[in-house]
Amino acid sequence: MNFELTEDQKLVQEMVRDFSQKEIIPMAKSLEESHAYPNELLKKLSDLGILGMTIPPEYEGIRTDSLSLVLALEELSKVLPSISVIISVHCSLFCYSILKFGTKQQKEKYLPQAAKGKIIGAFSLTEPGAGSDATNLKTKSVKRGDKYILNGTKSWITTGSESDAFIIFAAADTEAKLKRLNAFIVEKSLPGLQVSKIEEKMGLHSSPTADIVLEECQVPAENLLGEEGKGSSIAFHCLDRSRVGIAAQSVGISQRALDEAARYAKQREAFGKKIAEFQALQFMIADMSTLIDAARLLTYKAASLCDTGKPFTKEASMAKLFASEAANKIAYQALQIHGGYGYSKEFFVEQIYRDARVLTIYEGTSEIQRLVIARNLLTEYE
Ligand code: CAA
């Protein structure tokens, strides 16, 4: 067992840390306050290769190992959590699903553009009545000639209003009792696809979340992703990977919360001394730091497993569960250490508290992660 990052991993970490300091920090507050999509930053990150981290060079990406992507997402989450979820969905849910399940033509058509940030991808599984119960879809896909006709509403789609293409999941047209899903690559410009609503969210204001309405949307049959009726396996296979990305986002947010709290505690005085000198605060800081280390180790372990070919569903869910729950505890304590100032928008910890809240919800709630962990664990016993 080796706890040291490789030279290549350190290079990615330093590059993204440096970019975050120079390019993101100066504009992060105004982007979040104006709910603006970080278009320019995404272009610059694509020049650095970040949008092509899951795409091999034959499709113009810079494919790295999964831990390097995790390190990049962790760094970005320290400064602008909104951008890390846009990138995580693009890399792990959009690009990776095409790389893993797409035909040669689909890969050639979409991956080079996605690697260069010319198209940003989204993942449309959730519906108004199907969140945790993700296979219970009302959106239908019916084959007619050389097209599939899609009808239905998808909701809570990260980057939904700004992305150029989606992986859309829809129920297959079958009489069978088993719920069979189809997955499609759908370009935004297709007639019959409309962005209907942009959510007003508690946090992650620079990451637009939208509803997509499909009305007689005619998707060419060649855009079916993977085999007919195998959509749920595609969705859950890719979600395993992207849940590690959300764990990384949680670790980055937690680390920034601790950094903010520790710095504040060393400056703020009460009862004639720095509040960092009080044991009550020291205990909080010790707990926060211990949680972060544990979350980071689970996340790096799951990321390392992604590239071995061994199953990692349980480890991905453990990392996502622990890191996202920890981030919420840490954000709470960091705000508590700031006292009244933590409740003010002047301090970054107020944004951290709001941004952290969704981590235990999207890409599978904590309850769903526990279910996945238990299901997988129990198969290891007689
Ligand atoms: N890898 C590959 N295939 C898998 C799999 C995995 N980890 N887990 C399940 N499957 C396959 C099963 O083998 C099965 O295949 P067949 O139909 O061919 O037999 C199929 O997927 C369905 O599996 P289940 O029967 O286990 O499905 P279920 O209906 O019991 O649901 C669940 C299980 C764990 C509750 C699942 O629905 C789930 O994870 N729900 C949460 C959904 C979720 O995470 N949504 C996130 C939305 S995306 C998002 O948030 C992104 C964003 O924008 C930030």
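Side-chain atoms are counted along with the backbone in the values below, which use heavy atoms only and exclude waters and symmetry mates. Read the numbers this way: they start at 1 and go in the same order the structure lists the ligands and their atoms.
Every atom of ligand 1 is numbered from 1 in the order shown, and the set under 4.0 Å from a heavy atom of Arg180 is 16 (P), 17 (O), 18 (O). Residue contact check: Thr126 has heavy atoms under 4.0 Å from atoms 47 (C) of ligand 1. Ligand 1 places these atoms under 4.0 Å from at least one heavy atom of Thr313: 7 (N). The contact set between ligand 1 and Asp240, taken as ligand atoms under 4.0 Å from a residue heavy atom, comprises 1 (N), 6 (C), 7 (N). Interface atoms of ligand 1 facing Ala134, defined by a heavy-atom separation under 4.0 Å, are 37 (O), 42 (C). Remark: ligand 1 atoms within the under-4.0 Å shell around heavy atoms of Lys230 are 18 (O). Against a heavy-atom cut-off of under 4.0 Å, Ile368 is close to the following atoms of ligand 1: 35 (C), 38 (C), 39 (O), 40 (N), 41 (C).
Among protein heavy atoms, atom 33 (C) of ligand 1 sits closest to Arg375 NH1, 3.6 Å. Ranking protein heavy atoms by distance to atom 29 (O) of ligand 1, first place goes to Thr135 OG1, 3.1 Å. The protein atom (non-hydrogen) at minimum distance from atom 45 (N) of ligand 1 is Gly364 N, 4.1 Å. Among all non-hydrogen protein atoms, the one lying nearest atom 11 (C) of ligand 1 is Ser233 OG, 3.6 Å. In terms of protein heavy atoms, atom 53 (O) of ligand 1 is closest to Thr158 OG1, 2.6 Å. Counting protein heavy atoms only, atom 46 (C) of ligand 1 is closest to Glu363 CA, 3.5 Å.
No side-chain N or O of Ser20 forms a donor-acceptor pair with one of Lys78 less than 3.5 Å apart. Glu363 and Ser242 share a donor-acceptor pair across their side chains, judged by distance under 3.5 Å alone. Residues Arg144 and Gln218 have side chains that never bring a donor and an acceptor to within less than 3.5 angstrom of each other.
Under 4.0 Å from ligand 1, the heavy atoms of Val372 that appear belong solely to its side chain. Neither the backbone nor the side chain of Thr209 has a heavy atom within less than 4.0 Å of ligand 1.
Using a 4.0 Å cut-off between charged nitrogen and carboxylate oxygen, Glu40 and Lys43 count as a salt-bridge pair. The pair Glu23-Lys44 counts as a salt bridge, with a side-chain nitrogen and a carboxylate oxygen less than 4.0 angstrom apart. Between Lys104 and Glu108 there is a salt bridge, with a side-chain nitrogen of the basic residue lying less than 4.0 Å from a carboxylate oxygen of the acidic one. For the pair Lys329 and Glu325, the salt-bridge criterion is not met [side-chain N within less than 4.0 Å of a carboxylate O]. Ionic pairing of Lys10 and Glu14 is not present here: no N-O contact between side-chain nitrogen and carboxylate oxygen is shorter than 4.0 angstrom.
In this structure, of Glu367, Lys320, Arg243, the residue bringing a heavy atom nearest to atom 39 (O) of ligand 1 is Arg243. Between Phe236, Phe169, Phe123, it is Phe236 that holds the heavy atom closest to atom 9 (C) of ligand 1. With distances taken over non-hydrogen atoms, the option nearest atom 42 (C) of ligand 1 out of Ala316, Gly131, Ser92 is Gly131. When the options Ser232, Ala122, Ser132 are ranked by their closest heavy atom to atom 20 (C) of ligand 1, first place goes to Ser232.
In this structure a side-chain-to-backbone donor-acceptor pair under 3.5 Å is present from Gln106 to Thr103. Side chain of Thr139 to backbone of Ala170: no donor-acceptor contact under 3.5 angstrom is found.
Pairing each heavy atom of Leu225 with each of Phe101, the nearest pair is CD1-C, 3.8 Å.
Inside a 4.0 Å radius of atom 25 (O) of ligand 1 there is not any protein heavy atom. Distance check on atom 18 (O) of ligand 1: some protein heavy atom falls below the 4.0 Å cut-off. Atom 49 (C) of ligand 1 is flagged as protein-proximal [any protein heavy atom, distance under 4.0 Å].
By the 3.5 Å distance cut-off applied to N or O atoms, Leu371 is not counted among the residues near ligand 1. The N/O atoms of Tyr362, backbone and side chain alike, include none that comes under 3.5 Å of an N/O atom in ligand 1.
Between Phe169 and Phe123, the ring centre distance stays below 6.0 Å.
Around NZ of Lys301, the count of heavy atoms belonging to other residues, nucleotides or ligands within 6.0 Å does not exceed 12.
Aromatic ring pairs are classed by plane angle as parallel below 30°, tilted from 30° to 60° and perpendicular above 60°; the pair Phe347 and His338 is perpendicular.
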